[in-house]
Every structure is written in structure tokens, then in C-alpha cells.
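Right, one structure below, let's go through it.
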Protein chains: 2
Amino acid sequence: MAVSKKEEFTQEEIWLADVAKSLSHPARIKILKMLNEMNSCMVGSLVDKLPLAQATVSQHLKELKRVGLIDGEIDGPKVCYCVNTKALAKAKSALDKLFNKIGCC
Amino acid sequence: MAVSKKEEFTQEEIWLADVAKSLSHPARIKILKMLNEMNSCMVGSLVDKLPLAQATVSQHLKELKRVGLIDGEIDGPKVCYCVNTKALAKAKSALDKLFNKIGCC
DNA sequence: TTTCTCTATCGTATATTTACGATGAACGAT
DNA sequence: ATCGTTCATCGTAAATATACGATAGAGAAA
């Protein structure tokens, strides 16, 4: 694009769009589910169960971390990721609010 | 990207990611709000209130229409867009389900 | 029919995303 | 100290997204 116009919107709109962006790839949706389902949340376990290279998974994790939906904790040579419940609740509430506001034609 | 790997996920994951993608730009968030707030939903009215060129707004509307969140109805030389309540409800329910499933670390 | 208005689409430029292999940094184990 | 494991980051290629001006088409209005 020539120049991004994203600054011209409200902070709420920008933030919500950003959260939506972090959910806009099936791998990231799946990662969030897996982080909750699996007992382990090591990156390696995720890579094993995704049809993506390690570097790509790491990139997706970075995007989820960027918006705060997950946290990563260093555990020796490994890294354990987990869902940030608080951020998730905030996102859910904001999306609910949006959907309720929209409603009808 | 070299090759998209999006087909390697479930239909549900792909669809949900697609809905999220359609919400991943503040202009589209704002458009959805405006379609509900304004009595008129002509494209021109949207263009007037957005910091974007007409062609760009048209492109954003196309993206929202692609995933079914809005419908466009031709009204003489104008086009009246409105939110698709059913699609919106489906999206909200799927997102709720996802968020509830994820929950905690 | 000519003109005006409204909107979609085309063409194009630039930015961002997605993907991967290769490399590097951190740490545990030998 | 060296080696193997784990993961992030770099470099890079290709696909997509964002933005705009220009144009085309459809219909109202003159």
C-alpha cells in the first residue's frame, strides 16, 4: 500500500482489528486450541503436530505474543507457551461488545 | 509465501480464520458499526465518513461481502449495504465457542 | 440521447504476511 | 570444553493486502 491509514481510526478499532489479525490464520487458531488441550506447551510439541516448519511456527507464536494472547516462559533450553487468560477475556469481551452493537440492518 | 498451507487445517479453523481476517482492519470494523448506526447505508455515505478513497472503501466492502458478513442491494444507481445478521450470529457463536474452549493455561 | 451520479473494477505501487532453510544463542549433558 | 537439543532470528522468495487514480457500466435526470 502507498501509506497505511490505520492511524486514522480509534484506538479501540485499531486494537480490535489487531486482535482479529492475530486470529486470522488457521495455524494460530489451532495453536491456541493446542496450548489449552496439551499438557505440554513446548514449541517442539506444537511443531510436531502442525504441517509447518519450526521457523514458521515460531513466527506464528511471535504474532500471538505480540498482541498478548499468549505468554512464553523460558524453561531451560525449552520454552513453554501458554494462553494469557486475562488478555483472552479482554478480547472476548471486546468482540462480544462489537457483535452486540452491530446486530442488524 | 512459497505455498499456502492453509488447506492442511480443518474447515472450521479455516473459516474462523477467514472471519477474523475480515475483521482485521479498523476500516472494516468501523464500516460494520456505521452500517448499523446510520439510517442510510449507501457506499457514498461511508466514503464521506472514512479517511479512504472510494475505490479503497469498495475493496473493504468486497472483503466483508466475501465472508458474508454484509449484503449489498442495488437500489437504482446506488448500492445499499447492510449487515447479514445471520452470518454475524454464526461468527459470534463460533468465536465464543473458541474462546470458551481456550480459557486457561 | 446526453449528461450526471454512483459504484465496481482495473492497473499499479508499496507494504505486509507466510513460508522455509540456515544460522546463532542458550542451556543441559557428557 | 564440547556436543546435542531447543528455539528465535536472519535472509529471502512468493503471495496477499492496502491504497489510489482512472476507467467503465448502470441507471436517473435533463
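Convention: sequence-line order gives letters A, B, ...; per-chain numbering from 1. Excluded from the calculations below are hydrogen atoms, water molecules and symmetry mates; all remaining heavy atoms, backbone and side chain alike, are included.
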Worksheet item: Which nucleotide, C:dA8, C:dG21, D:dC20, lies nearest any side-chain atom of B:Val43?
Response: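 Among the listed nucleotides, the one closest to the side chain of B:Val43 is C:dA8.
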Nearest whole angstrom, please: distance from the [atom2] of [N] to the [atom1] of [X].
{"X": "B:Lys78", "N": "C:dC4", "atom1": "NZ", "atom2": "P", "result": "18 Å"}
{"X": "B:Arg66", "N": "D:dT16", "atom1": "CZ", "atom2": "P", "result": "11 Å"}
{"X": "B:Met42", "N": "D:dA26", "atom1": "CE", "atom2": "P", "result": "19 Å"}
{"X": "A:Leu64", "N": "D:dA8", "atom1": "CG", "atom2": "P", "result": "12 Å"}
{"X": "A:Leu61", "N": "D:dA8", "atom1": "CG", "atom2": "C1'", "result": "10 Å"}
{"X": "B:Arg28", "N": "D:dA19", "atom1": "CZ", "atom2": "C1'", "result": "12 Å"}
{"X": "B:Glu63", "N": "C:dT9", "atom1": "CD", "atom2": "P", "result": "14 Å"}
{"X": "B:Lys30", "N": "D:dT18", "atom1": "NZ", "atom2": "C1'", "result": "17 Å"}

Is [X] near enough to [N] that one of its side-chain N or O atoms lies under 4.0 angstrom from OP1 or OP2?
{"X": "B:Thr56", "N": "D:dA19", "answer": "no"}
{"X": "B:Tyr81", "N": "C:dA8", "answer": "yes"}
{"X": "B:Lys62", "N": "C:dT7", "answer": "no"}
{"X": "A:His25", "N": "C:dA19", "answer": "yes"}

Item to complete: Go through the structure and list residues passing side-chain hydrogen bond (donor to acceptor under 3.5 Å, both in side chains) with B:Lys62, not counting sequence neighbours.
Response: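 Counting only residues at least two positions away or on another chain, B:Lys62 forms no side-chain hydrogen bond (donor to acceptor under 3.5 Å, both in side chains).
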Discussion item. The criterion is side-chain hydrogen bond (donor to acceptor under 3.5 Å, both in side chains); which residues satisfy it with B:Gln59, sequence neighbours excluded?
Written reply: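 B:Gln59: no side-chain hydrogen bond (donor to acceptor under 3.5 Å, both in side chains) contacts found.
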Worksheet item: Taking B:Asp18 for the side chain and B:Ile14 for the main chain, is one N or O donor matched with an acceptor at less than 3.5 Å?
Response: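 It does not hold such a pair.
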Fill in: B:Asp71 bridged to B:Lys65 by N-O distance under 4.0 Å
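Judged by the 4.0 Å cut-off on N to carboxylate O distance, B:Asp71 and B:Lys65 do not form a salt bridge.
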Would you tabulate the pairs of protein nitrogen or oxygen atoms and nucleotide nitrogen or oxygen atoms of nucleotides 22-30 of chain C closer than 3.5 angstrom?
none

Could you tabulate the donor-acceptor pairs under 3.5 Å formed by side-chain atoms of residues 49-58 of chain A, not counting sequence neighbours?
none

Discussion item. Quick check: on DNA chain C, is the nucleotide nearest A:Lys21 upstream (toward 5') of the one nearest A:Leu52, or the reverse? Name the residue that is more 5'.
Written reply: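 Residue closer to the 5' terminus by nearest nucleotide: A:Lys21.
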Practice prompt. Confirm from the modelled atom types if A:Gln59 and C:dA19 form a donor-acceptor pair under 3.5 Å, side chain to base only.
Written response: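 Side chain to base: pair found, below 3.5 Å.
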Worksheet item: Which pairs with one or both residues in residues 83-103 of chain A pass ring pair (Phe, Tyr, Trp, His ring centres under 6.0 Å), sequence neighbours excluded?
Response: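 Sorted result for residues 83-103 of chain A: empty, none.
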Worksheet item: When all nucleic acid strands are considered with a 4.0 Å heavy-atom cut-off, which category describes A:Lys65: base, sugar-phosphate, or nothing?
Response: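 Since no nucleic acid heavy atom lies under 4.0 Å of A:Lys65, the category is nothing.
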Worksheet item: Among all residues two or more places apart in sequence or in another chain, which pass the salt bridge (charged side-chain N to carboxylate O under 4.0 Å, His left out) test with A:Lys30?
Response: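 Salt bridge (charged side-chain N to carboxylate O under 4.0 Å, His left out) check on A:Lys30 returns nothing, list empty.
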